[in-house]
Number of protein chains: 2
Amino acid sequence: MYGSSVNETWAEQLDTGTGLIQLMTLVQGIYATVSERHDLTPVQARLLCVLIGGPRGMAELAQMFGVEKAALTGLMDRIEKRGFAERSAVPGDRRAVQVTLTAAGRRAASAFHREMGAALGRLIDPIPAEDREQFRSTVAGIVMRCRTSPSSE
Amino acid sequence: MYGSSVNETWAEQLDTGTGLIQLMTLVQGIYATVSERHDLTPVQARLLCVLIGGPRGMAELAQMFGVEKAALTGLMDRIEKRGFAERSAVPGDRRAVQVTLTAAGRRAASAFHREMGAALGRLIDPIPAEDREQFRSTVAGIVMRCRTSPSSE
DNA sequence: TATTGTTATACTCTATAACTATA
DNA sequence: TATAGTTATAGAGTATAACAATA
């Protein structure tokens, strides 16, 4: 059941856990499709989106992504080779580097973000109007509670 | 924003799209953590779970997973080497093979499935009782509608 | 000594293209 | 010709371990 793709179920009688797995698969698929349409891998798209918020250090990014620093090195090498982000020196700490979006990176990031928003909108719009706000707040609640008690214990 | 990990937001004022992205990230993370705890990659766990439902052909699995047949060959090579599934001949079509779980594969699959259910339960349980059924049905509705109009057009 | 980041190596997952064997 | 599956090759993403430079 928890390996199920979206195309094999009864869906109206879906228990919540199975529903969450299928929703995850669905959103993941949309994220992958939109990324690909912008000639990005999902991880690259995520990196660009994070960098919209401002420059970050390598270790900081690794921690945000839950991967080792060495993985970030490779990821940055590829994104830098494509001209979407740059490493630059950090004044005051000669070990560290700052990762910043280039102009092309900003364009790519916001184009991706815009299309992702539209795609998610098509998912959300058909929700009956009277259910929408409660759905939003239930999702927000789940996410918020998991900030407090990180499930990865 | 759409690159955000779960650890950086206001969460109570989360719009639905951003909430869905973070929920996806959250469930993905749980799936990865539980997989790892069973010494499986997420894709391997998914394969085992699908096979609980009975034997499948390689092309059938490739289609379910949305990958090329060649990717399934590699995936099966590794899962078979670990003793979790087997290829066997299909009577009546000498080109085809059937993929079946071994006893060890069934054990691994159901152990994973059980722990995944428990982990998702911890996500769902804190939802206020009066919201739970509507949440379930809203999720089911999203998933169902996307079976009808596949978002990947 | 601790931290920041890189290099080297290996493995999984994936795609594409070319191929074999059967239908 | 079409379908089922494999092989070969290449690239992305990841982990681990060893390393350099700086704090």
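This is a predicted model, so every value here is computed, not measured. Chain naming here is simple, since letters A, B, ... match the order of the sequence lines and numbering starts at 1 in each.
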Testing C:dG5, D:dG13, D:dA4 for proximity to the side chain of A:A59, the answer is C:dG5
One character per nucleotide, please: for nucleotides 18-23 of chain D, 5' to 3', B when the base has a protein heavy atom closer than 4.0 Å, S when only the sugar-phosphate does, - otherwise. ---BBS
Take the protein atom CE of B:M58 and the nucleotide atom C1' of D:dT7, then report the distance between them rounded to whole Å. 13 Å
Would a distance-only check, ignoring hydrogens and angles, find a side-chain to backbone donor-acceptor pair under 3.5 Å from B:R46 to B:T41? no
Pull out every residue in residues 69-91 of chain A that has a heavy atom closer than 4.0 Å to any atom of DNA chain C, ordered by number, or say none. A:K69, A:A70, A:T73, A:R87
Within this structure, what is the CZ-to-P distance between A:F65 and D:dA15, rounded to whole angstrom? 13 Å
N or O in side chain of B:Q98 less than 4.0 angstrom from D:dA4 OP1/OP2: no
For A:G19 and A:L14 the tightest heavy-atom approach is CA-CD2, 3.8 Å
What is the distance from OH of A:Y31 to P of D:dG13, rounded to the nearest Å? 12 Å
Give me the atom names and distance for the closest heavy-atom approach of B:L72 to B:A62. CD2-CA, 3.6 Å
Non-hydrogen atoms of B:L101 and B:I52 that approach each other most closely: CD1-N, 3.9 Å
Aromatic ring pairing B:F112/B:H38, orientation class (parallel under 30°, perpendicular over 60°, tilted between): perpendicular
Nearest heavy-atom neighbours spanning B:R82 and B:L40: NH1-CD2, 4.3 Å
How close or far is atom C1' of C:dT14 from atom CD of A:Q28, stated in whole angstroms? 14 Å
Tell me which one of A:D77, A:T73, A:T100 satisfies side chain to side chain donor-acceptor pair (under 3.5 Å) with A:R87. A:D77
Between B:L51 and B:A85, what is the shortest heavy-atom contact and its length? CD1-CB, 4.2 Å
Check the distance between C:dA10's C1' and A:E68's CD and give it to me in whole angstrom. 15 Å
Whole-Å distance, B:Q44 CD to C:dC11 P, equals 14 Å
How about B:E36: does its CD atom have over 12 heavy atoms from other parts shown lying under 6.0 Å from it? no
What is the distance, rounded to the nearest whole Å, between atom CD of A:E36 and atom C1' of D:dA12? 13 Å
